[in-house]
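Remarks on the structure that follows.
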Amino acid sequence: MSTINKITIAFAQIMLIANQLNAQEKKTYVNSIGIEFIEIQPGSMVVGKFQPTTTKFGFIEQYMTKESGDMGIPVLPDSDYALSEELSKRDALPGFTVTISKSYYIGTFEVTQAQWKKVMGTNPSFFQEGKVSNADQHPIESVTWNDVQAFIKKLNKLEKGNASYRLPTEFEWEYAARAGATDDISWSEINASAQIAKLTTQPIGQKKPNAWGLYDMLGNVWEWVDDYYNEKIFADPVPPKKGKEHVLKGAPFYGDVKNATYMTHAGGPGSKYDVGFRLLMELK
Amino acid sequence: MKFVSLIAFSLISAASCAQIPDGFTPLFNGKNLKGWHVSRSTHQGTTPNFHIEDGAIVASQQPYGQGGLLMTDQIFRDFELYLEIKIDSFANGGIFLRSNEGGSAYQVELVLPGGTGDLVGERIPVSVPAEAKNREKVWKAGDWNSFRIRMTGEIPHITLWINGVEMWDVIQTKNDFIAGATEGMIALQCHWTAVYSPAASKGMPLSSWRPGATHRYRNIAIKKL
């Protein structure tokens, strides 16, 4: 056995141990339908901290060189940049602390078409086989908030005794999506982890997971959460008891880096084919 | 005296040539936003300030740096749209055609300086874009300008007239819409400039929507074909 082979085997053994350690830290659960969940530990986060940016050239600045100059981006009078600073300060929001006091399990992935079919026997999705390949592994879409409640009711019957299912609240969703991040997610990290700027839904789990192992929290389909929408830029500390629509989190497959962040607080109805969900599970 | 009456006459003639053509149904009542709603799921922003001033819809950002879309409640397939527009410079907006709720659509750009009247895609690539090369010949700077847009067909055939003069007439090579949509909403765009936090990025150049800028729309009407 060559030295290189010995090193390779030793390295593989170390990786195996590391993976086992990770697996112990990351408590997962797969239910009878094949839906996988990851346990989320309690903690806290700041929601709705708004620090609007005020730069002259925006993201284009990073592409500007000595040779390229301002690349034709119009330069406004200095008074406009001063005004933008003033307006940014005026409209900034400090946010508020949300404490998650109980652990819960959240879907590692968005619920797929195959999983929906297993429970409901139907498939309302627009992007079925023929329009996309491997449609079974695409997220279910074209489901209203009430359709999802019917799915959950049926799943709770099927899984009676083991666990109970519901939609996450907006804060449970955002806490899991942030995975410990205190500030907003960077555009480069969004591009690595979110299915955006596409023309169809994509199979689940193709992009980089977040720090807690959750896939497609951003992009692919908007995800229904339990709360009513408050018609504001961010959630209130206490969600409204009534409303016209429910909150959507996470951005769609044709989304932009602008809204594919865990901070985005959108509302229904969405565009049907861009709305799905992931589940929250509580073990009994 | 003669000078004053000349001004009065030209004001009357300017007002009389700006009106909804025969056979069109108003989409905007000049008083409130009945029949319209704000998109809650566009990346432009979900809390824009669309309000009424002097019988016109005024679009501006709210809060600072966040734009949005004002959309018709109705959806349209084949139509001719008429509207009059007055736009500030350094403010990027547009008229979205057959838009979905999230603001993916064919778009007639509204931006000065820039490609006002150009046909572009919003969150979709457009197979046959178009440029309003002769726009400046008919454009009334700092004033109201009328847009008439005809859109028909499963594979969209789109024509634009500005102030009654044809700018372009294009037939796409395919249906470029997500999900092959053949109908959708008319929407008016106010561009975003700021992201939620500098940790995300530096956002858009400030000239994409100069602080305090507005777009105005009036006499919005449609003829279903």
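Chain naming here is simple, since letters A, B, ... match the order of the sequence lines and numbering starts at 1 in each. Hydrogens, waters and symmetry mates play no part in the numbers below; they use all other heavy atoms, side chains included. Quick caveat: nothing in here was measured; it's all calculated off a predicted structure.
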Taking atom [atom1] of [X] and atom [atom2] of [Y], what is their separation to the nearest 0.5 Å?
X: B:I124; Y: A:L199; atom1: CD1; atom2: CG; value: 8.0 Å
X: A:H246; Y: B:R40; atom1: NE2; atom2: CZ; value: 12.0 Å
X: B:Q44; Y: A:N259; atom1: CD; atom2: CG; value: 9.0 Å
X: A:E231; Y: B:T47; atom1: CD; atom2: OG1; value: 10.5 Å
X: B:R210; Y: A:D80; atom1: CZ; atom2: CG; value: 4.0 Å
X: A:K56; Y: B:S207; atom1: NZ; atom2: OG; value: 11.0 Å

request  = Against chain B, work out which of A:A251, A:P252, A:P52, A:G72 has the most heavy-atom pairs shorter than 4.5 Å and name it.
outcome  = A:P52
task = Report the option among A:D274, A:T264, A:V75 that has the most heavy-atom pairs separated by less than 4.5 Å from atoms of chain B.
result =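 That would be A:T264.
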Pick one of side chain, backbone, both or neither for [X], based on which atoms fall under 4.5 Å of a heavy atom in chain B.
X: A:S84; value: both
X: A:T54; value: both
X: A:Y229; value: side chain
X: A:K232; value: backbone
X: A:F59; value: both

Which atom pair, heavy atoms only, marks the closest approach of [X] to [Y]?
X: A:I233; Y: B:Y196; result: CD1-CE2, 4.2 Å
X: B:S41; Y: A:W222; result: O-CZ2, 3.5 Å
X: A:D184; Y: B:A200; result: OD2-CB, 3.8 Å

Just by modelled atom types, is the [Y] backbone N or O under 3.5 Å from a matching donor or acceptor in the [X] side chain?
X: B:N100; Y: A:S271; result: no
X: A:T53; Y: B:A194; result: no
X: B:K202; Y: A:T55; result: no

For [X], is it the side chain, the backbone, both, or neither that has a heavy atom closer than 4.5 Å to a heavy atom of chain A?
X: B:Q66; result: side chain
X: B:S89; result: neither
X: B:S197; result: both

key: Pairing of B:E101 and A:K272 as salt bridge, 4.0 angstrom limit   =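 So B:E101 does not pair with A:K272 through a salt bridge.
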request  = Please report the C-alpha distance between A:F57 and B:L206 in whole Å, then the side-chain angles of each, then the deciding distance to 0.1 Å, and finally whether the side-chain contact (heavy atoms from CB on, under 4.5 Å) criterion is met.
outcome  = CA-CA 7 Å; A:F57 299 112; B:L206 196 65; over 6 Å; no
task = Specify which of B:G102, B:G65, B:G45 makes the most heavy-atom pairs with chain A at under 4.5 Å.
result =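 So the answer, after comparing B:G102, B:G65, B:G45, is B:G102.
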